[in-house]
Amino acid sequence: MTNGWVDIKNADMILVMGGNPAENHPCGFKWVIEAKRNRNAKLVVVDPRFTRTASVSDYFVQIRTGTDIAFLGGMIRYAIENGRYNKDYLINFTNAGFIVDKDFKIPEDEDGVFSGFDEQKLSYNRASWNYEGTGGKAPAAAKPGQPAPLPPLPERVNFDSTLQNPRSVFQLLRRHYSRYTPEMVERITGIPKDKYLKACDIFTSIRKDGDTKKVATMIYALGWTQHSFGTQNIRTAAMIQLLLGNVGRAGGGVNALRGHSNIQGATDMAGIFDNLPGYLRVPVPADGSFQGWMNRITPTQSKPGDWTSFNYWGNTPKFAVSLMKTLYGDAATKQNDWAYDYLPKVDRNYSWVNIWDNMYNGIVKGMFAFGMNGVMIGPNTNKNIDALKKADWLVVGEIYPDETSEFWRSPGITQDEMKSIQTTVYRLPCAGFAEKDGTFTNSARWLQWKNTALPIPPGCRSDQGIVAQIFLKTRELYQKEGGKFPDPILKLTWSYTNPNDPSLAEVLKEVNGKTLVDAEDPATKQQLKAGQQVPGFAWLKDDGTTTSGNWIYCGSYTEAGNLTMRRDSADPSGLGVHPNWGWSWPANRRVLYNRASCNGDGKPWDPARRQVWWNEATQKWVGVDVPDFKVDSKPSEHMGPFIMNPEGVGRIFAPLGAFADGPFPTFYEPVESPVDNLLYPKQSHNPVVRRYKTPEDKYGSPKDGYTVICTTYRLTEHYHYWTKNNPMNVQLVPEPFVEISEEMASEMGLRGGERVKVSSARGQYIAKAMVTKRIKAMNIDGKKTYQIGIPIHWGYRGISEDDGRTAKTPVNLLTPTVIDPNAYTPEFKGFLVKVEKA
Amino acid sequence: MSQATLRVQKISGHSGTVPGRDTQREYTVCKLVDTTTCIGCKACEVACVEWNDMPFSPTAFDNTYQTMPETRWNYWNLILFNEHEREDGSLQWLMRKHQCMHCAEPGCLEACPADGAIVQYTNGIVDFQQANCIGCGYCITGCPFNIPKFNSVTKRMYKCSLCTDRVSEGLEPACIKSCPTGCLHFGSKDDMKELAEIRAKQLRDHYGYDKAGVYDPPGVGGTGVIYVLHDATQPELYGGLPSNPSIPLAVKFWKHPLKWIGNLAMVGGLIGLFVHYLKFGPKAREESDIASKEGQ
């Protein structure tokens, strides 16, 4: 989230789309209710079904799943047409006035694709997706056999403050979404035009008549991310929030509701293949050296000449060197390129679906699955099961027998087949969440330490204990037997008090980092002795004198102690900042980009909800929240509030390599869709999305009889795939079901409680029908279209499953192996099925 | 359950005065349930089961998100779901937290013939005392809300206790504590009524619910659980909430007039017997009877 949970109570207007917080984040949803109760805030919900969130909304619109970009693109058009945006904010805090390269073309000119599309490679040459301007880094030299590197952003960007230049970002934006008319939106999304216009009117009403005081927030989750254009869904939302001037404001922002207690922590600490902790980009073979790597991933400023850009990512080398010093200690020196050679170079896409694809193709031989039920997660469960059958070994760390650890007796496997499976499966009993300490980082970026509530049961181990054992044994083997390149393992630091079971408090200290030499901060004159914890990432250096396992967590465990343990609920400003509760990254800032909560002169858009402001007397930015800004930069310097962008301003247009599929979000249909793309008939689907090629990667279409749209989701009463083992949850919702509209059920002669079989091109799902008014038939371009929904929580092992009360079909048997080209998230939320009585 | 600090003001099936009644002034407690902010998350259901250590019972799919059709002897608190289509075609998914209403004039207590099986405390909580319960089920007839449930093994009746054990220690009931959205509130009847009216007014003034109001039925003297409803004129939409509940006439008649009539009949019969004896003496033995006996 750019903002936070408690901050939601400051909103005047809330849009929930691509998410269902009342059901999946009931505690966080309290703040939406607080906003309604205390500020008369209004809640607009857009969803393929009438959810429990919709039940407390003030306006609900049912949308065809996967058509959010059409909806939001139309809302951009509406906002511009009706003057419902913050012009001052738009001109000064975004790149709306930047001039774009003359070779750049939007899809209307190119039949559904932007300039630079290569049909053979299914990818874009993004060189034209650039600003027009002068100066900048010298482009990297092209290497033989490698694709031509992208040109740099110009240092000085041409700018038009009137936003009239036809090649300004604003005019290109206007042209791009001019075709997303209410009529077109109705045909695509199935939302009647009057309802759609009412939704747009309500949401953008905060900027009616030039009002800049009110603020609106957008809250979303996997309904937006789990599509083959998921990142672009969120991009569109971010653009609307920039247009409306809601980013950086209390009660505003772009707010992702994370689906697990510590998934934010997982992404921060780089639980993904293409990041290092703190969102540093991984090195690739073409980088060649530490400097080459730094050159590629460290941005330089790019903005109009008289503006200032802090370009905080310009400090990347400090973060990277500090990370290398953490990993390799004294073995990382300037002389050996900071142990650059020890880091794996990421040569291709190792994301989730690719891992399983690689396993299926025999490339991945084994897997450690820690608290991760890959077979149930899918997509395309059968493919994952078949992949495991081909693997040599599988280690599952879990707290109960899950489907993945029992893939070898998934339903349908014959005795003979079972005997032929050669995979060795190891089941390690792990500790549950209440038996572990450490931090959870929530959606609001708050790190909160938790203590163990129960001892780890005998025979079970902590995660770090297991990882430590594996590492120590591997290191021992390398020491004894040598190997191709032992140093990256042998030279890793591992200096915990108990190396066999490292204390997570020590790990957090290491993540925060320390200074290796005596140091002084030039601004505050604060002094540190060698070995002391650094108070924040501003102290990190690129000369090897500091360590930090994750620069964005730097400041969480200082000489003052473990700040994530703080539990002072005081909130003097009443804005829900709670500055001494836990510790939030970065630097304990609670609302990101909060300088944008003030106008160009440094005065808050809404004084009643002021967060930070320019103090003329002390010549500093001050406030109730930590300013997310260079504290002494005068308003007249025109430094941009979006300090993490090289432009210093928000990106309405996302240039060059930011996104694989376009600088502006463009409406494409989900890969399995009942209709062609009405906006771009020649390009129905995201042009850079590829299909997988194993025999199990089948894709369905209406002509094969798959005419019903299916989406998957979660219930309050269950949590993913493990509460089916808990009697309390099973009492609340004992059996799996499929939600079907009354109309569709009536056509099929189906009554609630009767069994149905839902089939996709990949598999079948059998469960009882829940016949409901909450999903209605839709009119998609004149054709009656049905959507159904399936909650995910049942598999082939659990209380009801073991009792024989279910058909033992995991829902991800149905879902397609299709991923978003930027974040690689599978398209769980929109695919085609057929439904029959079972 | 600790009732140390709760004072009783009514006892079921009891003759004579209630000891200790009216010796202390106490305010009545009240749960406020704001159905307009209930998200049907069932935290309150779980809290009730866990606080009261109730065993799980089997449930089955029933074409609804509702956990089970009615409360049970071991499930005292249930969210009732209703998909209601308005005249303009728009949908409302109404959710009402259903549990004992702790009526000021409890029908269950009126109907109960067993001395002390049901008590009402001065704070308004109506509590079943299973030790005195004879399992006759008359409380079911007395209750307009279909709350008391029978346990066929223990042969006793059970229902929500408004967490007497927590309230007597100054804590809010478990359901109140668990509610994540703050849709549930707990406090004195006066305070909760005021809060409810403020919320209902906000709904009317700012949210277009011009029939929003508070459900506190006078037919049972008002209740210890009150609801804010989007539409107070149609409580039936909220899982069959009765619009004008009162103690059934049969129960009232049985416990009051009929009781006295019955007593009168019994006493009258005895008096009549005595008067008849005085007037006519004992039964005269017939000549034929003596003769037939002597003839054997």
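Because the structure is a prediction, the values reported are computed rather than measured. Residue numbers start from 1 in every chain, and the chains themselves are labelled A, B, ... in the order their sequence lines are given, proteins ahead of strands.
Residue A/Asn40 touches chain B through both its backbone and its side chain, counting heavy-atom pairs closer than 4.5 Å. For B/Thr64, the part lying near chain A is the backbone, with the side chain staying farther off; criterion is any non-hydrogen pair under 4.5 Å. Looking at A/Thr53, neither its backbone nor its side chain comes within 4.5 Å of chain B, counting heavy atoms on both sides. Of the atoms belonging to B/Cys179, not a single heavy atom falls under 4.5 Å from chain A. The part of B/Phe81 that comes within reach of chain A is its side chain, from C-beta onward, which places non-hydrogen atoms under 4.5 angstrom from that chain. B/Glu83 touches chain A through backbone and side chain together, each having a heavy atom under 4.5 Å away. Interface remark: A/Val730 contributes backbone atoms only to the contact with chain B (heavy atom separation under 4.5 Å).
A distance of 8.5 Å separates CZ of A/Phe50 from CH2 of B/Trp93, quoted to the nearest 0.5 Å. Rounding to the nearest 0.5 angstrom, the gap separating the CD1 atom in B/Ile79 from the CG atom in A/Leu732 is 10.5 Å. Of the inter-residue distances, the one linking A/Lys30 atom NZ with B/Ile39 atom CD1 reads 10.0 Å to the nearest 0.5 angstrom. Rounding to the nearest 0.5 angstrom, the gap separating the OG1 atom in A/Thr806 from the CZ atom in B/Phe61 is 13.5 Å.
Options B/Arg199, B/Met95, B/Glu45 differ in how many heavy-atom pairs under 4.5 Å they form with chain A, and the most are formed by B/Met95. Ranked by heavy-atom pairs shorter than 4.5 Å toward chain A, the options B/Glu85, B/Gln92, B/His230 are led by B/Glu85. The candidate from A/Glu717, A/Met770, A/Glu739 with the greatest count of non-hydrogen atom pairs under 4.5 Å with chain B is A/Met770. By number of non-hydrogen pairs under 4.5 angstrom with chain B, the leading residue of A/Lys768, A/Lys776, A/Gln731, A/Glu23 is A/Gln731. Contact count versus chain B (heavy atoms, under 4.5 Å) is highest, among A/Ala769, A/Gly753, A/Pro734, for A/Pro734. Counting heavy-atom pairs closer than 4.5 Å to chain A, the top residue among B/Pro58, B/Ala43, B/Ala60 is B/Ala60.
Across B/Lys42 and A/Arg52, no two heavy atoms sit closer than the pair CE-NH1, 4.4 Å. Closest heavy-atom contact between B/Thr181 and A/Phe29: CG2-CD2, 4.2 Å. Between B/Cys41 and A/Pro26, the closest heavy-atom pair is CB-CB, 4.3 Å. Scanning all heavy atoms of the two residues, the minimum distance from A/Ser55 to B/Cys38 falls at OG-O, 4.3 Å.
By the 4.5 Å heavy-atom criterion applied to side chains, A/Lys36 and B/Thr37 are not counted as neighbours. A heavy-atom distance below 4.5 Å is not found between the side chains of A/Ile33 and B/Cys183. A/Lys773 is not listed as a side-chain neighbour of B/His84, based on a closest heavy-atom distance of 4.5 Å or more.
Within 6.0 Å of atom NZ in B/Lys211, 12 or fewer heavy atoms from other residues, nucleotides or ligands are found, so the atom counts as exposed in its surroundings. Taking a 6.0 Å sphere around CZ of A/Arg751, one finds it holds 12 or fewer heavy atoms contributed by other residues, nucleotides or ligands. Around CZ of B/Phe56, the count of heavy atoms belonging to other residues, nucleotides or ligands within 6.0 Å exceeds 12.
In this structure, B/Asn63 contributes its side chain and A/Val771 its backbone to a donor-acceptor pair below 3.5 Å.
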